[in-house]
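Take a look at the structure set out below.
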2 protein chains.
Amino acid sequence: MAKAQAAKEKLLNAALSLIREKGFSAMTVDDLCARAGVTKGAFFHYFKSKDELGVAAADHWSAVTGALFARAPYHDHDDPLDRVLAYIEFRRQLLRGEIPEFTCVVGTMVQETYGQHPEIREACGASIFGHAGTLVDDIAKAMTDRGVAAGWTAESLAAHTQAVLQGAFVLAKAKNDVGVAIESVDHLRRYVELLFSAPQKKKKTKEKKR
Amino acid sequence: MAKAQAAKEKLLNAALSLIREKGFSAMTVDDLCARAGVTKGAFFHYFKSKDELGVAAADHWSAVTGALFARAPYHDHDDPLDRVLAYIEFRRQLLRGEIPEFTCVVGTMVQETYGQHPEIREACGASIFGHAGTLVDDIAKAMTDRGVAAGWTAESLAAHTQAVLQGAFVLAKAKNDVGVAIESVDHLRRYVELLFSAPQKKKKTKEKKR
DNA sequence: ACAGACGTACCAACCAGTTGGTACGTACGC
DNA sequence: GCGTACGTACCAACTGGTTGGTACGTCTGT
């Protein structure tokens, strides 16, 4: 069993990179097998169809990114607002290198599959909103801590952070330039700072970082 | 020649709806011809390749949306900041009906084509940033009017509005629900309001470093 | 021996793109 | 006013390569 599942793992990882490079529709099963270094027989041994692989790839992505963010250092701050801001800073620093290295697999995939492969759409949605959910508690705590009288919910702000990131990826692709994505994340950080500093009159906000 | 170009126009319009429904890669030329009610011969009479149609579709989208926004009522306000806020409100009100009816053709297309069809990517980029450009003057005027001492540029805020919108589309698709997109646009409006109301240390006076 | 993990060979459907045409309008010489 | 030469708009049938998927054989660990 040592080597068991080796092909499956290779296929899933190959899927993540290929979907980021060319999207789900344009990625062929042959592409995938070539990239993974396995044959088609192996592919159809583990996945009943290309669609089923799509779902599995979204779930795999959730697992991979879930682990990355779970062990990321932004959780270390004492103040919940600091944790939220540090999360945004962490996302900002992930914007490095070539575009396919930092864009979101499920964000790319859901755009092409939401109307045609409901199961893939659902898996992508679960990935995005599951990740957003990890921010809700900190946002909610920050809201009560600071007595923010909001016309918005913690859930909606958490979702908004993901919207900005997904949109930043789209713009980075459109311009073929990471810079525009970084600037959007900067606007997001500024928004969160303003949200939590504004309603308290002109009180000197907490220490500003960076 | 009343009928002349009729097929081309039908093909371009069919392309816009099909790309929004299934994406560029998954849309076949046969799909396109069936939807447009013309034959393949007509398609290849007007377009040398599917890729060339992709570029033409992006340009067509620019023209269609350009006209829509040019005649939209948000330009009527006297105050530049009001125009920007009314633009955001206008975008918010466009979020109606089924998802493929309000999402962005070029935002969808660029995600799947940016790495494989540089010309399509470029046309999509021109569409998005061309549209963002229509906001820059008003934002810049609002900045000087209100003496906003910004760590950001009018261009970057204009781009950020598009990032939020594109991201809102992605989330709407992922959740299969328009509501989450609307909430993100609300956050965007709140951000712009905060930006122009919160830290007015430097008023209309000349910049005096205190 | 046998069950799961692959590999090899293959197929039917489908795809972008081609070929060779028809229908029709226009320009022009006479 | 009329024939002809030519250009544009479009159509239907076809092609060669590709695609997702299948059938079945072989290897490996236990």
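In what follows, chains carry the letters A, B, and so on, assigned in the order in which the sequence lines appear, proteins first and then strands, with residues in each chain numbered from 1. Hydrogens, waters and symmetry mates play no part in the numbers below; they use all other heavy atoms, side chains included.
B:K48 comes within 4.0 angstrom of nothing in the nucleic acid, heavy atoms only. Nucleic acid contact for B:T39: base, since at least one base atom lies under 4.0 Å from a heavy atom of the residue.
OP1 or OP2 of D:dA9 sits under 4.0 Å from a side-chain N or O of B:H45. At C:dC6, one or more side-chain N or O atoms of A:Y46 fall inside 4.0 Å of OP1 or OP2 (strictly under the cut-off).
For the side-chain hydrogen bond (donor to acceptor under 3.5 Å, both in side chains) test, no residue two or more places apart in sequence or in another chain qualifies with A:T103. Every side-chain hydrogen bond (donor to acceptor under 3.5 Å, both in side chains) that B:K40 has, sequence neighbours left out, goes to B:D30.
Side-chain contact check for A:N13 and A:H60: at least one donor-acceptor pair (N or O, by modelled atom type) lies under 3.5 Å. No side-chain N or O of A:K22 forms a donor-acceptor pair with one of B:S25 less than 3.5 Å apart. Side-chain atoms of B:Y87 and B:R83 include no donor-acceptor pair closer than 3.5 Å.
With hydrogens and angles ignored, a donor-acceptor pair under 3.5 angstrom links the side chain of B:K40 to the base of C:dA16. Evaluation of atom-type donor-acceptor distances gives no pair under 3.5 Å for the side chain of B:K50 against the base of C:dG17.
Rounded to whole Å, atom C1' of C:dG17 lies 13 Å from atom CD of B:E52. Rounded to an integer number of Å, the gap from CE of B:M27 to P of C:dA16 is 8 Å. Counting to the nearest Å, the P atom of D:dA9 and the CG atom of B:L11 are 13 Å from each other. One atom, NZ of B:K10, and another, P of D:dA9, lie 14 Å apart when rounded to the nearest Å. The NZ atom of B:K22 sits 12 Å away from the P atom of C:dC14 (whole-angstrom rounding). The interatomic distance linking A:F43 (CZ) with D:dG20 (C1') rounds to 9 Å, in whole Å.
Nearest-nucleotide assignment on DNA chain D puts the 5′-proximal partner with A:D30, out of A:G41 and A:D30.
Proximity note for A:F44 (side chain, C-beta onward) versus D:dT22, C:dC6, C:dG17: the nearest is D:dT22. For A:V29, the side-chain atoms get nearest to D:dG20 when compared with the rest of C:dA16, D:dG20, C:dC6.
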